[in-house]
**Student:** 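Quick one: the structure is below, questions incoming.
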Amino acid sequence: MTTKRSFTPIFWFLALLLVIFVSYPIVLTLTGSPLRVLGDTLLDSEVLGSILFTFSSSLIATVIGLATGIPLAYILARHDFPGKSLIEGLIDLPIVIPHSAAGIALLLALGRNSILGRGFGLLGIRFVSSAPGVVAAMLFVSVPFLVDTAREGFEAVDSHLENVARTLGSSQWRVFWKVSFPLARRSILSGLILMWSRGISEFGAVVILTYHPMIAPVLLYERFQSYGLDYALPVAGIVILISMLIFLVLRALNSVREGS
Amino acid sequence: MTTKRSFTPIFWFLALLLVIFVSYPIVLTLTGSPLRVLGDTLLDSEVLGSILFTFSSSLIATVIGLATGIPLAYILARHDFPGKSLIEGLIDLPIVIPHSAAGIALLLALGRNSILGRGFGLLGIRFVSSAPGVVAAMLFVSVPFLVDTAREGFEAVDSHLENVARTLGSSQWRVFWKVSFPLARRSILSGLILMWSRGISEFGAVVILTYHPMIAPVLLYERFQSYGLDYALPVAGIVILISMLIFLVLRALNSVREGS
Amino acid sequence: MNRSSQLKLKDINLSVGGFSLVNVNLEIQGGEYFVLLGPTGAGKTVLLEAIAGIKPVTSGTIWLGAEDVTDRPPEARGVGFVYQDFALFPHLSVEKNISFGLLNRSTKAEPRQLARVERSGRTSSQNVRARVEQISSLFRISHLLDRKPEGLSGGEKQRVAMARALITDPQILLLDEPLSTLDPEIRELIQVELRRIHQELGTTTLHITHNFEVAAALADRIGVVMEGKIVQVGPPQEIFRQPVNESLARFVGVRNIFRGHHTIDREGGGHLQLDGLRLASISNLEGAARASIRPEDILLSRKSLVSSARNNFQGRVIQISDRGSFCYVTVRVTIPEQGGRSLDLIALVTQSSVQELGLELDQEIYAAFKASALHVF
Amino acid sequence: MNRSSQLKLKDINLSVGGFSLVNVNLEIQGGEYFVLLGPTGAGKTVLLEAIAGIKPVTSGTIWLGAEDVTDRPPEARGVGFVYQDFALFPHLSVEKNISFGLLNRSTKAEPRQLARVERSGRTSSQNVRARVEQISSLFRISHLLDRKPEGLSGGEKQRVAMARALITDPQILLLDEPLSTLDPEIRELIQVELRRIHQELGTTTLHITHNFEVAAALADRIGVVMEGKIVQVGPPQEIFRQPVNESLARFVGVRNIFRGHHTIDREGGGHLQLDGLRLASISNLEGAARASIRPEDILLSRKSLVSSARNNFQGRVIQISDRGSFCYVTVRVTIPEQGGRSLDLIALVTQSSVQELGLELDQEIYAAFKASALHVF
């Protein structure tokens, strides 16, 4: 703790090391394939199909997350009840459980021979090697991000506003739709963006539950396993580029809307 | 938006659906194997070795994250500079990039034939199929969680405290160690816990960079691929149990310390 | 105007967080401006929220008009609420804020209000607009209707919050320290305005504050809350001149508080015996007593006054505390018979008087006050 | 005591966020208690932070004592800083807070301080303890040393923050509205204490506030900041009685402000012509002028007074604004020659006077003030 070594340069040096460590592989992958190859890869119907499948599955998971995660977030933000911290702990577990173990757990809960699996099977829905399995896996690993972010958003809404709205004759529903939701909207949108992105990024849980039909991260793994790095690289470039663009664009849009 | 359907029960119903969806597979996996089998599995030297390897690798990644991520978080919390939002976007990318693509990117950046790979090779460090590769992959995917959480912690420290400490004769280093760090400590600890847990959970990036030596999530995948669900189940139970316990215990410790 | 209702609280008990209110009984007349005065943290806000239906009461009954509203949700009570922070909806324009209570009503909730609007032909947007314009001109905020709350000044926010609360024509208006975050100059203007609006609309009003001056300026009657209990209810002058206990006396700004023994002489005159000093009073108490004199009731002069003031003492100036326009002057009255014992009297005088009297430390001075200024309790 | 240094600001320009200060020049004498007075948001805090080295100046020079400290980091300036929020280290005990400046010093940073401590035999823990005890007893907070800041009252926090700032024996003490978050009763006590401590230690002090009463009670000299500029510097009475412009006059609480034409008659007497009214003054200005009278300088009486007051007008009471202990009484003076034109005078009187005079609305009354009370500018 001597004053000789100056503070700001050392902090900047360490911080930049990290920034370089994170950005260098990404830049390398994006620039690793010639543009022509990237273009060809994007037009490869298997690649394009898997990307669209990935994005739409994650979108469905996010919609389900919206319908159930927003109520949970609102309840956690506004109410105290016994067992609250248990639920708080439970809902964050998918972040910390190894993804392959999450896949096993989902297979156990939703597999062909499980109670739920048979029940849904009667409705014609099966979770193994099918789109619903992809959605379930994505929902499981990504919904904690939505709940945590939306909850912070609701907590930031002054409860006085809700109280006043009620004295002005509004029911709890109206208060939620006219006051709480609009004011937490930016946090909810951030949470939805994060959830969607996190769903797209999932590999371990999906690969166990649903190898086929292939989502893009699985296709990428398959190509890497079968043909090696050179064949996987353009797919990785495309996948990173698209998920990155969507994430950054959505985030920028969200903060612009906040500003205006 | 009719007042007929009451607000609180509907919100609770939707929220509980989500809580059940998340907790049911976990409970099922934990209770899916007889205790004796769980015990035997834990004593299986391959399983135990992979678990210890996973935890220690993630711990090393977390230490590296501490040394570089804390300075970055502090700089992002306290300074405005051109390009700040670029760095903010970059550092969050690992959250949204598909994990298998992250593995490919790291293989490209740190592989045997890459510039960095050769450089480190001269020092006797290689990243492919080796412990350093596991650490690098874990660091890459988990460090954003530390940076984001620590940053919020630093932002919550009133800058007046730092200013006063400086007028009292303390250099920036002393102010950081005596004021900023102790006051953001709880957030930093939360971030470290989250980073460590997230490192332990990683599968996709590690499986591409380093299949062997096997971390627990990879071992689990291997057993599932080779012997099927029944053989993978006890491993999944053990892995989930341990990571869950560690996460919940650390989180509880952290909030107890806050309380006291 | 015709909706101003009586509020009756019976045996209300409340406990939220660290605060609790014990056995509150209170009756506020229709059209009355009632101020609940008490130190910060005395549980006043919680009481307002209970009346509004936001916080539940532990026990007791709340009547609004002729109806028992204890178990009704807030949207079915017909109260107007203005928080200290005004709680304007930040995402809505001033106009939308004000019209919120007309547009965002749940059908079941407001029989009176709906009836009222429908009489004039449904809640059409023209009707709403007309009503908003009417109340905005009453509050002189018509020019702000298109603005968002964020850019408004404290006084403007206060007016918008009042207009929003009053547009639904509530049975009672609940004000939670609505002046405390305003600058003093604005506060005075708003006070005048509150009085004007109350005279115009006549809505029963329950205003809580910790500021005695605000209470004195606005209230028909004041209720004082201390430690979760209502300790005194009465018109401002009564609270001000005859506080029921010492902590209340301190709270409303009395500075001279003494403990002594009060006796009645044969002619019926009251006297407070105070360490050998004898103060004339008009009280008829007997025994141990406390007494207070408001600092502005003490007159200072260089010569002993022949006047109606029954208490007249010679002393020495020991402190002059400059308060800008005024000074607090502390006069030490020494009692020779008691061997150097002394009594400090604090008088409030204007700067001009200080100059006129040429007041300075250690100077001999006479302090006088009427027997009626000595409040014995 | 021996470290009290002069502060000199030359052509300081600053701009942080929305605030900016333009060409500030200021000289504060060693040992002086200087109060910088200005409305909230006038950039006063930014100026203090610039003097402390926390915020950089855009241009200009800062001298502390004989040294140009403009480019020094905060730890090498030797200033004590007390923020409005006191900024006590929440993770440290009161004792550790106070001793922070002795223990957490960077070697290069404090030649003076180190020398001082080493003279008495190094910064040993006993020495530190002794120093903490000494300053704690000065501030009467010895009983708080083992507590954490969280449980302290506002006044206690204020004392701890002051002790922490003064223990390092700074060249200058910078106070950023240290009384504004305190309750009025405590504020008065702390004011007395600040005066006592300043007399005892004699540390040069720069105190910023928006509260004129605080400034009047504490300052040797006052500087007034408005819109990023220092508009007037002088002793309190001068600022109070002779504000240099109208917005300053309003700010320091003058209520009667007029615009008129000032003339000097043959005998040298000044007169302010005001819509046909003629007010005697002692000014020697000529031409268009503004004038102010402090409300407490206006005397009210039921009969015309034969007195030294040169200005004496008959009017009618049109408003009585109750302020608790005092009332503002507005008297409308009608000027017959001007066909109904009128002048409103606001007088400040005690409640007792209101009762004595039996003041009520519409009553005929005389208002008088001395020529010297009319401040022409």
**Student:** Tell me the closest heavy-atom pair linking H99(B) and F203(A), and the distance in Å.
**Tutor:**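 Reported closest heavy-atom pair: ND1-N, 4.0 Å.
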**Student:** If the condition is side chain to side chain donor-acceptor pair (under 3.5 Å), which residues does D92(B) pass it with, not counting sequence neighbours?
**Tutor:**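 Counting only residues at least two positions away or on another chain, D92(B) forms a side chain to side chain donor-acceptor pair (under 3.5 Å) with R251(A).
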**Student:** Please report the shortest heavy-atom distance between V22(B) and P94(A), naming the atom on each side.
**Tutor:**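 Smallest heavy-atom distance, with atoms named: CG1-CG, 3.6 Å.
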**Student:** Can you tell me which portion of E222(A) sits under 4.5 Å from chain B's heavy atoms? Options are side chain, backbone, both or neither.
**Tutor:**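 Neither the backbone nor the side chain of E222(A) comes within 4.5 Å of chain B.
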**Student:** With a strict 4.5 Å heavy-atom criterion, list every residue of residues 132-140 of chain A that contacts chain B, or say none.
**Tutor:** A136(A), L139(A), F140(A)
**Student:** So which residue, I246(A), I95(A), I208(A), L90(A), ends up with the most heavy-atom pairs under 4.5 Å with chain B?
**Tutor:** I208(A)
**Student:** Of I240(A), T29(A), I200(A), L241(A), which is the lone residue that meets side-chain contact (heavy atoms from CB on, under 4.5 Å) with I97(B)?
**Tutor:**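 Considering I240(A), T29(A), I200(A), L241(A), a side-chain contact (heavy atoms from CB on, under 4.5 Å) with I97(B) is found only for I240(A).
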**Student:** Relative to chain A, which of L72(B), T68(B), I26(B) shows the most heavy atom pairs under 4.5 Å?
**Tutor:** T68(B)
**Student:** For A232(A) and I104(B), work out which heavy atoms get closest and say how close.
**Tutor:** CB-CD1, 3.7 Å
**Student:** So which residue, F247(A), F11(A), F176(A), ends up with the most heavy-atom pairs under 4.5 Å with chain B?
**Tutor:**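 Counting heavy-atom pairs under 4.5 Å, the top option is F11(A).
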**Student:** Out of V143(A), L17(A), I87(A), return the one with the most heavy atom pairs under 4.5 angstrom to chain B.
**Tutor:** V143(A)
**Student:** In the structure I gave you, are the side-chain heavy atoms of L107(A) and F224(B) within less than 4.5 Å of one another anywhere?
**Tutor:**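 In contact.
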**Student:** Given heavy-atom pairs under 4.5 angstrom as the criterion, report whether the side chain, backbone, both or neither of L28(A) touches chain B.
**Tutor:** both
**Student:** Can you tell me which of V19(B), L93(B), I91(B) forms the most heavy-atom pairs within a distance under 4.5 Å of chain A?
**Tutor:**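 Greatest number of close heavy-atom pairs with chain A: L93(B).
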**Student:** What residue, out of A101(A), A102(A), P98(A), has the most heavy-atom pairs lying under 4.5 Å from chain B?
**Tutor:**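 Highest number of heavy-atom pairs under 4.5 Å: P98(A).
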**Student:** When only pairs under 4.5 Å are counted, which of V239(A), L229(A), L248(A) shares the most heavy-atom pairs with chain B?
**Tutor:** L229(A)
**Student:** Is the CZ atom of F120(A) crowded by more than 12 outside heavy atoms at less than 6.0 Å?
**Tutor:**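 At most 12 heavy atoms, drawn from other residues, nucleotides or ligands, come within 6.0 Å of this atom.
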**Student:** Could you report the tightest heavy-atom contact between S201(A) and V96(B), atom names first, then the distance?
**Tutor:** CB-O, 3.5 Å
**Student:** Indicate yes or no: at least one non-hydrogen side-chain atom of S100(A) is less than 4.5 angstrom from one of L220(B).
**Tutor:**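 SC-SC contact between S100(A) and L220(B) confirmed.
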**Student:** Over all heavy atoms of both residues, which pair between L108(A) and L233(B) is shortest? Give the atoms and the distance, please.
**Tutor:**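 Closest heavy-atom pair between L108(A) and L233(B): CD2-CD1, 3.5 Å.
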**Student:** Based on non-hydrogen pairs under 4.5 Å, which of Y74(B), F21(B), W196(B) is most in contact with chain A?
**Tutor:**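 Most heavy-atom pairs within the cutoff with chain A belong to F21(B).
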**Student:** Taking the side chain as every heavy atom from C-beta outward, state whether V175(B) and F7(A) have any pair of such atoms under 4.5 Å apart.
**Tutor:**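 Not touching, per the 4.5 Å side-chain cut-off.
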**Student:** Side chain, backbone, both or neither: which part of V147(A) has a non-hydrogen atom closer than 4.5 Å to chain B?
**Tutor:**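 Side chain only.
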**Student:** Kindly give the heavy-atom pair with the smallest separation between W173(A) and S6(B), and that separation in Å.
**Tutor:** NE1-C, 3.6 Å
**Student:** Which one wins on heavy-atom pair count under 4.5 Å against chain B: A73(A), A236(A), A105(A), S197(A)?
**Tutor:** A105(A)
**Student:** Between F81(B) and W12(A), is the ring centroid distance below 6.0 Å?
**Tutor:**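 Here the rings of W12(A) and F81(B) have centres that are less than 6.0 Å from each other.
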**Student:** Please classify the contact of F145(A) with chain B as side chain, backbone, both or neither, using a heavy-atom distance under 4.5 Å.
**Tutor:**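 When you check distances to chain B, only side chain atoms of F145(A) fall under 4.5 Å.
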